[in-house]
Number of protein chains: 2
Amino acid sequence: MSTLSKTSDEILASARVLIMSSGYNGFSYADIAEVVGIRKASIHHHFPSKVDLVRTLVARYREDAQEGLSSLERNVQDPLEILQLYAGHWAKCIEDASRPFCVCALLASELPSLPPEVAAEVTAFFRFISSWLTSVMERGAKAGTLNLTSTREIEAEAFMASVHGAMLSARAYGRPDVFAAVLAPTLHRLSGTGIQ
Amino acid sequence: MSTLSKTSDEILASARVLIMSSGYNGFSYADIAEVVGIRKASIHHHFPSKVDLVRTLVARYREDAQEGLSSLERNVQDPLEILQLYAGHWAKCIEDASRPFCVCALLASELPSLPPEVAAEVTAFFRFISSWLTSVMERGAKAGTLNLTSTREIEAEAFMASVHGAMLSARAYGRPDVFAAVLAPTLHRLSGTGIQ
DNA sequence: GATGGGCTTCCTACCGGAAGGTAGGTATGG
DNA sequence: CCATACCTACCTTCCGGTAGGAAGCCCATC
């Protein structure tokens, strides 16, 4: 939770972009150095090793997500609307290519080859999103505004899986619009409308 | 479609295992050489470059899938049962760790950094699975045995996304059983039972 | 039926470059 | 004065890939 220097932030930001496109083994200190405009060795001053860098990056990524979702919940009460806005957020990020993929979804696919410290952070991220979605499902079920057919936990996992799978398809086809198209029926079903 | 030598097959098989766990940038010729029991340079005799190797591997992967799904359709007619068996096949592969992840799903996540030839094969694989699932949905809709709420195409994409997302979650948690758990409600919904 | 191409398969040895990381120095600013 | 931030220069290891040769095998020719 410590405040890092401006350069550290730039290093993390460029690493995030690079990881989002190629994963852990797909970027190097040299790549970051070129983007940030400093020398390769200088990065080691801020992050002694690649593991340090990515562990910090993923931890921050989770903190940012926690903050973002908290603020979302402060502004919106309806569980269905929360899910729609969550999906819409990703749809926008993918469509404008600002965040074309979830860092942790990409890292999770490479999990067996990740350094254990990084792998642990990735697992923690999944657990966080899952438990947050579970709480949203819980509220929706109690309020009767969400149409659930399984336990809250499973519905949460299924929703998360749809989001990640939709990202993957959008990337595989090179068609950002696929994300929203794939998520539409899921949201439609959760809304309860259109089911005879 | 050519028949390759025994050594070529072993190279492809070990590369497949390595890619399934770490992706394109996560394995090297040295890794394969160690598994197969030949020298690194000998691999270049069978596959001049890494791109050749992986392009061949993915093309074969798609051919194998085509064969497997054809044989599945020869033995089973009911669309719902086909989807259940498809999901069950993956559940088994993940659970016994024989094929813990789809090669093309992993490569798709790294798509922006893949050599174009490999990327094209990965996209082709997605298109193939998608169009196959679409045809299954089509038949299920016509026969009235599948409960669809969107177009066949979108239902197919959504199903594929669920499968890929479920794989990812199973890997992220290190819990193979998550795959089947996440897919259960989707299959349940498609079966039409349990919806009031 | 030996002989010698020619092909396949694998080898040793090597290349240039990129990887992550280290050592040690120099500005700068509180 | 000293910590921070960044530098040049260098290290080892690994990467994908190449050169050139040795062994085995098929098979046509003398």
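Throughout, a chain's letter reflects where its sequence line sits, starting with A, and its residues are numbered from 1.
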Rounded to the nearest Å, what distance is computed from the NE2 atom of residue His46(B) to the C1' atom of nucleotide dC10(C)? 8 Å
For residues 135-160 of chain A, which residue pairs qualify under ring pair (Phe, Tyr, Trp, His ring centres under 6.0 Å), counting only residues two or more places apart or in two chains? none
Which of residues 15-23 of chain B sit near DNA chain C, with a heavy atom under 4.0 Å from it? none
Just by distance, with hydrogens left out, do Ser5(A) and Ser8(A) show a side-chain donor and acceptor under 3.5 Å apart? yes
Can you list everything that forms a side-chain hydrogen bond (donor to acceptor under 3.5 Å, both in side chains) with His44(B)? Sequence neighbours excluded, please. none
Side-chain atoms of Asp31(A) come closest, of dT9(C), dA19(C), dT8(D), to dA19(C)
Any His45(B) side-chain N or O less than 4.0 Å from OP1/OP2 of dC10(C): no
Residue list, side-chain contact (heavy atoms from CB on, under 4.5 Å) with Thr145(B), at least two apart or on another chain: Asp78(B), Pro79(B), Ala143(B)
Under 4.0 Å from OP1 or OP2 of dT9(C): is there any side-chain N or O of Thr7(B) that close? no
Please tabulate the protein-to-nucleotide N/O contacts below 3.5 Å involving nucleotides 16-19 of chain D, giving atom names and distances.
| residue | atom | partner | partner atom | Å |
| --- | --- | --- | --- | --- |
| dG16(D) | OP1 | Phe27(B) | O | 3.4 |
| dG16(D) | OP1 | Lys50(B) | NZ | 3.0 |
| dG16(D) | OP2 | Tyr29(B) | N | 3.0 |
| dG16(D) | N7 | Lys40(B) | NZ | 3.1 |
| dG16(D) | O6 | Lys40(B) | NZ | 3.2 |
| dG17(D) | OP2 | Lys50(B) | N | 2.7 |
| dG17(D) | N7 | His44(B) | NE2 | 3.3 |
| dG17(D) | O6 | Lys40(B) | NZ | 3.3 |

Taken to the nearest whole Å, CZ/Arg39(B) to P/dT12(C) is 4 Å
Does dT9(C) have its OP1 or OP2 closer than 4.0 Å to a side-chain nitrogen or oxygen of Ser42(B)? no
Checking Trp132(A) against Gln66(A): is there a side-chain donor and acceptor pair closer than 3.5 Å? no
Figure out the CD1/C1' separation between Ile43(A) and dC6(D), and round it to whole Å. 12 Å
Residues 97-113 of chain B vs side-chain hydrogen bond (donor to acceptor under 3.5 Å, both in side chains), sequence neighbours excluded, gives Ser109(A)-Ser109(B), Asp96(B)-Ser98(B)
Atom CG of Asp9(B) and atom P of dT9(C): how far apart are they, to the nearest Å? 12 Å
State which residues pass side-chain hydrogen bond (donor to acceptor under 3.5 Å, both in side chains) with Glu117(B); sequence neighbours excluded, sorted by chain then number. none
Consider the side chain of Ser5(B), meaning its heavy atoms from C-beta on, and name the nucleotide among dC6(D), dC11(C), dT9(C) that approaches it most closely. dT9(C)
For Ser42(A), check side-chain hydrogen bond (donor to acceptor under 3.5 Å, both in side chains) against everything at least two apart and list the hits. none
May I have the distance from Asp52(A) (atom CG) to dG21(C) (atom P), rounded to whole angstrom? 8 Å
For Gln84(A), check side-chain hydrogen bond (donor to acceptor under 3.5 Å, both in side chains) against everything at least two apart and list the hits. none
Can you list every ring pair (Phe, Tyr, Trp, His ring centres under 6.0 Å) pair that touches residues 53-77 of chain B, not counting sequence neighbours? Tyr61(B)-Phe125(B)
Return the value, rounded to whole Å, for the distance between atom CD of Glu10(A) and atom P of dC6(D). 9 Å
Scan nucleotides 25-30 of chain C against the protein and return all N/O pairs shorter than 3.5 Å with their distances rounded to 0.1 Å.
none

Not counting sequence neighbours, list each pair that qualifies as a side-chain hydrogen bond (donor to acceptor under 3.5 Å, both in side chains) and has a residue in residues 25-34 of chain B. Ser28(B)-Asp31(B)
